[in-house]
Amino acid sequence: RHKFWETQPVGQFKDLGDTNFPEGPIEPPTPISQVKQEPYNLPGPYEWITCDVDSEEVCSEIYTLLTNNYVEDDENMFRFNYSKEFLRWALRPPGYFKSWHIGVRVKTSKKLVAFITGIPAKIRVRDAVVVMAEVNFLCVHKKLRSKRLAPVMIKEVTRRVHLENIWQAAYTAGVVLPTPITTCQYWHRSLNPKKLIDVGFSRLGARMTMSRTIKLYKLPEKTVTPGFRKMEPHDVPAVTRLLKNYLKQFAVAPDFDEDDVEHWLLPRENVMDSFLVESPENHQITDFCSFYTLPSSILGSPNHSTLKAAYSYYNVTTKTHLLQLMNDALIVAKKNEFDVFNALDVMQNETFLKELKFGPGDGKLHYYLYNYRLNHVLKASELGLVLL
Ligand code: NHW
Ligand code: EN5
């Protein structure tokens, strides 16, 4: 069934439910001197490159490959359209390795035809903090699909991760592979219902008119929580404390330090939005919410070419009700002209999804660990990790 994945140190379907295995690494590390020193062989016409995402030219080539060939929904109506600024940010966190930004070119034309990346991350799995690679942006050009290029790309990124003495990885996919640690549901909150219906992202509900639908999703002009404001650089220590304390309750979550929070959570135009609540009385930072910008290309509409989507990232409350905080997030997202606000049913998101008029999407997201076994499949609400 899975000719490649059956050979890899990942949980296998036949072992699901068998609790005799200990939780933890599936294979022990090997000495780095025993890690293969040369890249894996590619089919003759292709060559490996290490991508310098600092270079405007290289970044544009990656952007073009992904814009035309990356993830689509099941009916091929929308395709993720990560911006260049987003890709640069996503690929250069604290301690990143340039060698983990891997491209494949056609030798003769130098055209970029495949891509895969890793970034380092400390991820806590129950009580153990494990240094891992987060693998993302695996993409093979549409014309080169089903030629078993993906397994070679995955083996090559694995080799380069091993060379840094890192032996575990985390990744997500819309497809089922051996074997998910959890499966999450996408939820969508319409902000611009007319456009969403026009482009086929959503449908007019039964017994609903356009004007009733627009009224249903209407939001106030202004946020309601006193002290709600954009996060600023001087907030990094307070937000780190809030987040560290909040993420303790989940079975799998990142172990963020201040450098990580500075990189991942400070606002960046058209990439990341983050807001917090500063108590008007004592100036304490009590709550925090964030979302990232990931537009999708609209593949078949005569009237619109992009869908501007916000994706819920990390949200923490200690004083404000999560429902009210996320309603304020919807209000600012609407003000900033997002068409839709997306969220997974991870962490405590179920406590606000239905009430804030999110509806379940037709997509699911499966989470995986490489070379790390869990004894039980997690509930989405036990997961404290959001990948981009
Ligand atoms: S998920 C998004 C992945 N990208 C896309 O969906 C873009 C559009 N599709 C494509 O570009 C986020 C191609 O269809 C791809 C497959 C390249 C997906 N993950 O080359 P073949 C990520 O980036 C397996 C893992 O013939 P193809 C996460 C498939 O099951 N495996 O297929 C990436 C089969 O193996 P099997 C996937 O369609 C995580 C084999 O690939 C997969 O031309 C990567 C077929 O290969 C997917 N999304 O190319 C793993 N999709 O055993 C990281 C298919 O079933 C692991 N496959 O025969 C950790 C590594 C680091 C470890 C460090 C210690
Ligand atoms: C991880 N880094 O399928 C990336 N999206 O529901 C890799 N559906 O947008 C994994 N099909 O339901 C990516 N509208 C896996 C996801 C791939 C993309 C994907 C789904 C998630 C999606 C939309 C559009 C469907 C178009 C037809 C959808 C319904 C919205 C409606 C709004 C009103 C209330 C009910 C729901």
Side-chain angles (χ1 to χ4, degrees), residues 1-10 25 27 29 65-66 68-80 82 90 100 113-118 120 130-178 184-191 193 196-197 199-205 213 216-217 294 296 298-299 307 309 311 340-344 353 357-372 386-388:
R1 279 260 47 218
H2 291 286
K3 269 287 161 243
F4 169 65
W5 281 110
E6 280 168 9
T7 69
Q8 297 302 112
V10 295
E27 290 178 350
L65 175 72
L66 296 180
N68 296 321
N69 301 278
Y70 200 50
V71 177
E72 299 177 7
D73 67 294
D74 63 351
E75 292 167 286
N76 313 103
M77 296 171 70
F78 305 97
R79 191 186 304 125
F80 285 152
Y82 289 90
W100 295 6
V113 292
F115 191 57
I116 190 167
T117 69
V130 185
V131 179
M132 298 196 191
E134 289 177 355
V135 177
N136 204 349
F137 306 113
L138 168 61
C139 184
V140 168
H141 193 286
K142 286 183 180 235
K143 295 203 161 145
L144 300 178
R145 297 276 170 89
S146 308
K147 296 177 184 297
R148 311 300 298 181
L149 220 47
V152 189
M153 311 272 314
I154 293 166
K155 283 191 274 184
E156 182 60 14
V157 77
T158 302
R159 188 185 72 81
R160 294 185 191 199
V161 169
H162 286 166
L163 286 172
E164 304 298 341
N165 199 25
I166 294 173
W167 305 88
Q168 271 73 35
Y171 50 104
T172 58
V175 294
V176 178
L177 303 165
C184 302
Q185 173 70 55
Y186 278 101
W187 290 71
H188 307 281
R189 199 323 180 157
S190 301
L191 301 175
L196 295 182
I197 291 166
V199 302
F201 187 90
S202 69
R203 282 192 221 149
L204 212 49
T213 305
L216 174 67
Y217 291 117
L294 169 49
S296 280
I298 303 170
L299 301 177
L307 190 73
Y311 285 76
V340 62
F341 193 104
N342 299 334
L344 294 164
L353 290 169
K357 300 172 184 161
F358 286 72
D362 62 2
K364 289 203 170 5
L365 188 64
H366 309 279
Y367 277 74
Y368 303 94
L369 295 177
Y370 183 95
N371 194 24
Y372 205 94
V386 180
L387 301 183
L388 303 171

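We count ligands from 1, going down the list as the structure has it; atoms in each ligand are counted the same way. Remember, predicted model here, so these are calculated numbers, not experimental data.
Residue contacts with ligand 1 do not include N371, since none of its heavy atoms lies under 4.0 Å from the ligand. For the ligand labelled ligand 2, residue F137 lies outside the 4.0 Å heavy-atom shell. H162 counts as a contact of ligand 1, since one of its heavy atoms falls under 4.0 Å from the ligand. At least one heavy atom of D74 sits closer than 4.0 Å to an atom of ligand 2.
Contact atoms of ligand 1 toward K3: 36 (P), 52 (O), 58 (O) (distance under 4.0 Å to a heavy atom of the residue). Under a 4.0 Å criterion applied to the non-hydrogen atoms of P360, ligand 2 contributes the atoms 36 (C). Atoms of ligand 2 found under 4.0 Å from any heavy atom of G361 (numbered from 1 in listed order, with element): 6 (O), 12 (O). Ligand-side atoms of ligand 2 in range of V71: 13 (C), 17 (C), range being under 4.0 angstrom from any heavy atom. The distance from ligand 1 to the heavy atoms of S146 drops below 4.0 Å at these ligand atoms: 26 (O), 27 (P), 43 (O). The contact set between ligand 1 and C139, taken as ligand atoms under 4.0 Å from a residue heavy atom, comprises 11 (O).
Taking distance alone, with nitrogen or oxygen atoms compared against 3.5 Å, V157 stays at or beyond that limit from ligand 1. Residue-to-ligand polar distances keep A169 apart from ligand 1: every N/O pair is separated by 3.5 Å or more. Between Y171 and ligand 1, not a single N/O pair is under 3.5 Å apart. In terms of N/O distances under 3.5 Å, ligand 2 is approached by E75.
Contacts between I116 and ligand 1 below 4.0 angstrom, taking non-hydrogen atoms only, are absent altogether. Only the side chain of F78 comes within contact range of ligand 2, with a heavy atom under 4.0 Å; no backbone atom does.
Checking Y370, F115, Y372, Y368 against atom 62 (C) of ligand 1, the nearest heavy atom belongs to Y370. Counting heavy atoms only, R148 comes closest to atom 34 (C) of ligand 1 of the residues E134, R148, H2.
In this structure, atom 12 (C) of ligand 1 lies nearest to the protein heavy atom T172 O, 3.2 Å.
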